[in-house]
4 protein chains.
Amino acid sequence: MTAQAILTPRKTPAQGRSRAMVETIVEAAARVLEEAGAAGFNTNAVAARAGVSVGSLYQYFPGKQALVAELSRRGAETLLADLAAAVEAAEAAPEGSLREDVRRLAQAAIAWQCRRPALERALDQMEAGLDLPTDARGTASQIQALIVRLIGRRLPGLAPDALSVAAADSLALARALIDQAVARGDAHEPAFEARLTGALCGYLSVVAAV
Amino acid sequence: MTAQAILTPRKTPAQGRSRAMVETIVEAAARVLEEAGAAGFNTNAVAARAGVSVGSLYQYFPGKQALVAELSRRGAETLLADLAAAVEAAEAAPEGSLREDVRRLAQAAIAWQCRRPALERALDQMEAGLDLPTDARGTASQIQALIVRLIGRRLPGLAPDALSVAAADSLALARALIDQAVARGDAHEPAFEARLTGALCGYLSVVAAV
Amino acid sequence: MTAQAILTPRKTPAQGRSRAMVETIVEAAARVLEEAGAAGFNTNAVAARAGVSVGSLYQYFPGKQALVAELSRRGAETLLADLAAAVEAAEAAPEGSLREDVRRLAQAAIAWQCRRPALERALDQMEAGLDLPTDARGTASQIQALIVRLIGRRLPGLAPDALSVAAADSLALARALIDQAVARGDAHEPAFEARLTGALCGYLSVVAAV
Amino acid sequence: MTAQAILTPRKTPAQGRSRAMVETIVEAAARVLEEAGAAGFNTNAVAARAGVSVGSLYQYFPGKQALVAELSRRGAETLLADLAAAVEAAEAAPEGSLREDVRRLAQAAIAWQCRRPALERALDQMEAGLDLPTDARGTASQIQALIVRLIGRRLPGLAPDALSVAAADSLALARALIDQAVARGDAHEPAFEARLTGALCGYLSVVAAV
DNA sequence: TATGAATGAGACTTCATTCAT
DNA sequence: CATGAATGAAGTCTCATTCAT
């Protein structure tokens, strides 16, 4: 199974024109969130940044939180792609260790958060405030499923529920540490990758022992 | 009662009264934050919840963020107390292991977040948005110092800077995992404590190895 | 040189619709100031009087003081136009006397304050409280420059600084007397014009003598 | 007739204690007005400045505007005293000129405004906003009466009404010019006194000619 | 469909005044 | 009388959303 097949197939937007507009708006939203933070994120600012009228924004997004949801979904999809690649690599190396697979997970997570750190951080805040529409949940559960798949191979006797919990915790743990590292500026260093891997392995070793 | 006590003018006859008002307001703020989240947190709601006029709120707190800062400070102080106890216990048992000390740290953090989980979670959001006045920073650095002290005993060769980073990361890691656990409802279980301890030890083992 | 040339070129307001809205708001502001005085002047009242929402008001004016500044600017521009005409008339009659020129100044000032006496009076108060943005200063200095030009012709040996002071004082003097006259209701009478002219000439004769 | 006799006899406040409190409050009000301007003038600030509770302030003054009225009345009384002296001096020199008498008027007005220039200026603003209670009117009409008396001696044929108008205008004129001079900082200079005197004489010469 | 002017609920904060102690 | 905590109306400004053009 390839990374392609793992990813949810994308719906192709109807018109090229509207697709361009959606892209413009989403990118503007991302920029506003990065530059002005959660506090300065508002529909008027996004529309202005996009060089588009508020009316158009509302044509494509039912409201402010839909914008956040879309940003969220896109971020998740990026992560999903990276994870899919990680899973593929892991499954291509059957005799590797758990630590090696976990390292792949860590690398994917680091790469993801480093792409647009300010964006992901601000997004976290907004997501907590708004209850996410079901849309983003789908991608989120796919992410979790991939992590389950990645770590599940090396933790055979574990119940599916326990694996799910472990996957969710692993992601949360990774995000927290990467946020700190990004803030400090050492997220790219191998030493940080090692620390993150260590934490994940420490966590998983206890899970496995139960 | 000494002559001093008799002669000293009462600082404020109404101190008991205002102290009660402050408590009422702070508690109301906590409740609003717990129930309505960061989005629903506003001065009018807090005043209403406290059964007090907005004016009174502003008599005791210069503004909304002062309220958040106070809530933050109090939370941090609670953690500080727990951590202090943990450090004391750790230093009273010199031949213990790093894992035992880390478990104490985990317990303190769990106990802290479990006291008012929704509050601490919402507080996190608000803190990210508002830049906290220096007051809370003081307590925060005390917390970090305590963690440094706790884990530093078992990681002798480490540079102070590396220790500080490790302490900050440890706290962030713990918060993230505990948030997840609280949301799931198993934060109180020994198994969770073990997992958190495992994650922290995994992280620190890598730090120590460098 | 014509009065037109003397006046700063006006920027043409962009759209017909927004121009109408701006006019509506400004006129409402003027009316509120006239009717309720400085104390009753607030953004809600202005918006209500304009039959417009507060939001619209803030779309066109960044705040309360911008409204005051605009009112001020418009008043000053009216005076500017009258003064320009006075200067033109004076310069067209080279063998006239200082008294004749001063009379023109008095007439212009009287005409100005009589247009909307209550407005100008209330505006004075507000200007004193709020420090005016630089915009209105521009017009104010143009006014002063015109007065300098008007009276300077008949007071040749005077230093520029002294002339500036004389111009500012003349305007202040005129405003004060006209305020009184407006309150009494005789601002339109020739006798008042004569008294004002007399006061100005009395002032200037001393200035000239130095 | 002496200056004493011209002044309205003061009522002696009942208790020494309350008199002291009134003095404290009034002086605090003056200071607040001077330092914070009309915008920053509020009852709480005055009470705090006076080292007194708001309640006490309201014990002695029915409200904010009563405070302003008192400040106003006191300022007027000071002017009244100076004017009384000026009148006395004028009446002691029967063969003087109008210009000499007017100079005395100018001096008195200058001395008055220079005593606490910021206070008098801010007071002007407040008076315009609040309609003065009848209390201050009494002193004001006494002031006017004194000016009438001062200038009436040299303008024999004038109707009482015309004299009243001339007196009011003269005071307004003087205040306006002195305000300007105070702002510039040359109110104390003899040259300014001469200019003010010139303006007043110019005004009065026209009045007399009618 | 695109526009962007218009809306108005609601957030924050101030301050004149009252009243229980 | 003195106190000062408490009140709440009123004012300033923002921003998500709608709707006429």
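Here is how names work: the chains are called A, B, and so on, in the same order as the sequence lines, proteins then strands, and each is numbered from 1. All values derive from a computational prediction rather than experimental measurement.
Partners of R74(A) by salt bridge (charged side-chain N to carboxylate O under 4.0 Å, His left out), not counting sequence neighbours, listed by chain and number: E23(A), E70(A). Applying the side chain to side chain contact (heavy atoms under 4.5 Å, CB included) rule to T24(A) yields the partners A50(A); only residues at least two apart in sequence or on another chain are considered. Qualifying salt bridge (charged side-chain N to carboxylate O under 4.0 Å, His left out) partners for D124(D), counting only residues two or more places apart in sequence or in other chains: R175(D). Applying the side chain to side chain contact (heavy atoms under 4.5 Å, CB included) rule to Y60(A) yields the partners S18(A), M21(A), V22(A), I25(A); only residues at least two apart in sequence or on another chain are considered. With sequence neighbours excluded, the residues satisfying salt bridge (charged side-chain N to carboxylate O under 4.0 Å, His left out) with R115(D) are D82(D). Every residue meeting the side chain to side chain contact (heavy atoms under 4.5 Å, CB included) condition with E77(B), not counting sequence neighbours, appears here in chain and number order: R73(B), T139(B).
Applying the 4.0 Å criterion to OP1 and OP2 of dT7(E), one finds that S53(C) has a side-chain N or O inside that range. Put simply, S56(C) has a side-chain N or O that comes within less than 4.0 Å of OP1 or OP2 on dT7(E). At least one side-chain nitrogen or oxygen of Y60(A) sits closer than 4.0 Å to the OP1 or OP2 atom of dA2(E).
dA2(F) atom P lies 5 Å from atom CD of Q59(D), rounded to whole Å. Separating the NZ atom of K64(A) from the P atom of dT17(F) is a distance of 8 Å, rounded to the nearest angstrom. Spacing between atom OH of Y58(B) and atom P of dA5(F) amounts to 18 Å, rounded to whole angstrom units. In this structure, I25(B) atom CD1 and dA5(F) atom P are separated by 12 Å, rounded to whole Å. Note: CG (L67(D)) to P (dC15(E)) measures 15 Å, nearest angstrom. Note: CZ (F61(C)) to P (dA6(E)) measures 12 Å, nearest angstrom.
Listed by residue number, the members of residues 42-52 of chain C with any heavy atom below 4.0 angstrom from DNA chain E are V52(C).
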Run the side-chain donor-acceptor check on residues 33-40 of chain A: report pairs under 3.5 Å with partners two or more places apart or on a different chain.
residue	atom	partner	partner atom	Å
E34(A)	OE1	R116(A)	NH2	3.1
E34(A)	OE2	R116(A)	NE	2.8
E34(A)	OE2	R116(A)	NH2	3.4
E35(A)	OE1	R49(A)	NH2	2.8
E35(A)	OE2	R49(A)	NH2	2.6

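Note that the CD atom of E27(D) and the CG atom of L71(D) stand 8.5 Å from one another [nearest 0.5 Å].
Sequence order on DNA chain E of the closest nucleotides to G55(D) and G55(A) puts G55(A) first from the 5' end. Positionally, the nearest nucleotide of DNA chain E for L57(A) lies more toward the 5' end than for the other of G40(D) and L57(A).
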Applying the Watson-Crick and G-U criteria (both distances under 3.5 angstrom) with [ ] for crossing and | for other-strand pairs, one obtains for DNA chain F .||||||||||||||||||||
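Between the S56(A) side chain and the Q59(A) main chain, no donor and acceptor come within less than 3.5 Å of each other.
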